[in-house]
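These notes concern the structure reproduced below.
Owing to the predicted nature of the structure, the values given are computational and were not obtained by experimental measurement.
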Amino acid sequence: MNRLSFQKFILILIFIFLTLLLSGCTSKEQQKPKIPAKNERPKPALTVGSAWKLPISIPEGEFDRLCGWLSEDEVVYITNLEQTSNVYRYHLLTGKSELIYKTEHPIVTVQISPSKKYILIHSSPSSYEGLITIIDTQGTEKIKESLPSYELAFEWNPYNEEQVLVSKFKEDWTFQVVLLDMNKLNTTELSIPQPFIKWMGEKKIAYLDWDEDNPTLFAPLTVSDLEKGIEQTLFPRVLQFATFHGKLMTITVKEQDQTNAVYSFFDKNLKENFSFSQPQLTKFSDWLVPFYDYNDPLGQFITFRPVKSGEADSYSDGFELLLYNLKKGSLPKLIMAGMENEPINFSPSGEALLYGNRFEKIIDLNAKKIYELIKE
């Protein structure tokens with residue numbers, strides 16, 4: 001090898017060595033995780049808005065309605081085909097529908113348990129029979145119970161999801177409350193004076209104790225211990241209430257200012273830790289309570305608010321969608337204005353809402369944008 005060739009050979013070796021060295025450094029740099037700054041939170045992967053595969057392509061039958069969230073990226077919807085109904089799981093990020101359950105009877109309603117572990121399906125073999133089927137998220141039946149009824153109402157026990165309170169109504173609206181227990185595979189009749197009930201604990205329930213002989217706009221909020229049979233009045237005059245896991249919300253009206261509704265939030269010891277008021281719309285016999293929802297892990301409460309007080313029938317100024325952070329106790333965040341007052345349902349992360357009378361729309365709360373789930 002002459003001197004020129006030897007120098008060329010050395011240069012090639014140096015080039016190969018440097019190339020390997022640089023590629024090794026690059027590989028190590030790519031594999032090394034980035035450590036966020038002290039006050040910097042890692043950003044979550046994009047799971048909303050532009051990443052959604054919409055609208056839903058219905059595999060079979062006619063779309064009836066959305067039922068709620070199974071996870072951050074999955075929703076449940078119903079289709080009808082003649083007298084049969086199907087329950088589907090829809091993956092928002094892949095655009096795929098998965099059949100979970102098929103029934104030979106029309107579905108009246110579907111409710112997802114608070115932890116998203118179970119799905120309750122209320123179907124109607126006839127006008128005076130309600131069929132309750134509870135399945136897991138893979139479609140496996142856990143319990144099936146037929147109840148003579150004209151209408152049914154349900155309330156999951158968030159402290160023990162093996163139990164569901166069921167209010168059975170006859171055609172004349174007389175009722176009987178039963179406790180459905182998936183572990184015992186049976187129903188037990190309860191002696192409860194009101195049909196619309198909320199859970200206050202694993203063995204405690206709450207209801208507004210209306211006086212049928214003297215109709216009023218308010219009723220005492222009563223809590224009852226199912227095990228001990230002890231009743232207690234918590235508040236004497238309540239318009240409406242809701243319970244969340246370990247939290248109670250009441251809606252009341254001040255006697256001196258009935259143009260505004262007062263929303264109050266209490267912890268499990270009934271200590272008030274947050275409240276706000278908003279304009280109120282009157283109806284013929286009571287007041288309009290706009291739709292709302294609550295995300296327990298984040299402590300976020302979202303509701304519609306009319307821009308002014310007045311009569312509900314003649315009101316035409318639209319509603320504001322407001323987000324409250326109960327943990328921080330800060331001023332509300334305006335999400336959107338000029339909205340219709342229709343049902344809303346938080347996603348598990350609190351970043352999105354199902355919206356509409358059939359939950360046929362979805363709102364990206366960060367981008368403040370509405371997407372259509374179904375193409376009409």
Side-chain angles (χ1 to χ4, degrees), residues 108-109 111 113-114 120 122 130 132 145 147 149-181 187-253 261-272 275 280 283 285-294 296 301 303 343:
V108 179
T109 186
Q111 288 192 17
S113 70
L120 184 152
H122 170 204
I132 304 171
E145 193 80 22
L147 298 175
S149 59
Y150 182 72
E151 185 59 79
L152 296 173
F154 308 96
E155 192 67 30
W156 282 99
N157 185 345
Y159 305 91
N160 177 8
E161 290 192 359
E162 309 297 317
Q163 297 181 336
V164 182
L165 281 172
V166 183
S167 297
K168 307 184 300 177
F169 293 91
K170 294 182 179 180
E171 195 169 4
D172 62 0
W173 295 109
T174 56
F175 66 92
Q176 172 67 55
V177 179
V178 299
L179 179 65
L180 185 151
D181 194 308
T187 58
T188 305
E189 290 191 356
L190 302 177
S191 179
I192 299 175
Q194 298 294 332
F196 301 109
I197 312 155
K198 304 290 184 183
W199 291 93
M200 284 282 288
E202 187 174 354
K203 303 290 184 180
K204 291 183 179 181
I205 58 170
Y207 52 86
L208 290 177
D209 198 7
W210 299 100
D211 185 348
E212 295 183 1
D213 298 327
N214 299 289
T216 60
L217 296 175
F218 306 95
L221 177 57
T222 301
V223 62
S224 176
D225 190 311
L226 295 178
E227 207 166 46
K228 299 178 182 178
I230 300 173
E231 294 185 354
Q232 177 189 0
T233 297
L234 301 182
F235 301 99
R237 297 176 75 255
V238 174
L239 174 64
Q240 196 177 112
F241 81 104
T243 58
F244 313 114
H245 202 285
K247 193 176 292 292
L248 168 69
M249 180 194 76
T250 63
I251 302 176
T252 57
V253 179
V262 179
Y263 292 64
S264 302
F265 297 83
F266 304 86
D267 62 20
K268 62 182 180 180
N269 298 315
L270 297 182
K271 179 184 177 182
E272 183 178 320
S275 69
Q280 187 159 239
K283 297 196 295 182
S285 59
D286 58 359
W287 286 286
L288 172 71
V289 176
F291 289 103
Y292 58 81
D293 197 19
Y294 179 71
D296 183 63
F301 181 80
T303 185

With a 3.5 Å distance limit and no angle check, can you tell me whether [X] reaches the backbone of [Y] through a side-chain donor-acceptor pair?
{"X": "W199", "Y": "W156", "answer": "yes"}
{"X": "N157", "Y": "L165", "answer": "no"}
{"X": "T216", "Y": "F218", "answer": "yes"}
{"X": "Q194", "Y": "W210", "answer": "yes"}
{"X": "N269", "Y": "K271", "answer": "no"}

[atom1]-[atom2] distance between [X] and [Y], expressed to the nearest 0.5 angstrom:
{"X": "H122", "Y": "L152", "atom1": "NE2", "atom2": "CG", "answer": "4.0 Å"}
{"X": "I205", "Y": "L179", "atom1": "CD1", "atom2": "CG", "answer": "9.5 Å"}
{"X": "F235", "Y": "T252", "atom1": "CZ", "atom2": "OG1", "answer": "9.0 Å"}

>> Once you measure the plane-to-plane angle for F244 and F265, does it fall in the parallel (<30°), tilted (30-60°) or perpendicular (>60°) bin?
In response: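 Because their plane-to-plane angle is under 30°, the rings of F244 and F265 count as parallel.
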Do [X] and [Y] come within less than 4.5 Å of each other through their side chains, counting heavy atoms only?
{"X": "L248", "Y": "T243", "value": "yes"}
{"X": "L234", "Y": "M200", "value": "yes"}
{"X": "E145", "Y": "V178", "value": "no"}
{"X": "K204", "Y": "K228", "value": "no"}
{"X": "T109", "Y": "F154", "value": "yes"}

Ignoring hydrogens, what is the shortest heavy-atom contact between [X] and [Y]? Give both atom names and the distance.
{"X": "S149", "Y": "K168", "answer": "CB-CB, 4.3 Å"}
{"X": "L221", "Y": "A206", "answer": "CD1-CB, 4.3 Å"}
{"X": "Y207", "Y": "P193", "answer": "OH-CG, 3.5 Å"}
{"X": "T233", "Y": "P220", "answer": "CG2-CB, 3.9 Å"}
{"X": "F196", "Y": "A153", "answer": "CE2-CB, 4.4 Å"}
{"X": "S167", "Y": "I197", "answer": "OG-CD1, 4.4 Å"}

>> Which residue in the set Y294, F301, F266 passes side-chain contact (heavy atoms from CB on, under 4.5 Å) when paired with K247?
In response: Y294
> Quick one: side chain to side chain donor-acceptor pair (under 3.5 Å) pairs with a partner in residues 169-181, sequence neighbours left out?
Replying inline: Y128-E171, Q163-D181, D172-T174
> Which residues satisfy the salt bridge (charged side-chain N to carboxylate O under 4.0 Å, His left out) test with E162, sequence neighbours excluded?
Replying inline: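 E162 satisfies salt bridge (charged side-chain N to carboxylate O under 4.0 Å, His left out) with no other residue.
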>> For Y150, is the OH atom crowded, meaning more than 12 foreign heavy atoms sit under 6.0 Å from it?
In response: no
>> Applying side chain to side chain contact (heavy atoms under 4.5 Å, CB included) to V177 and F175, what does each step give before you reach the verdict?
In response: CA-CA 7 Å; V177 179; F175 66 92; 4.1 Å; yes
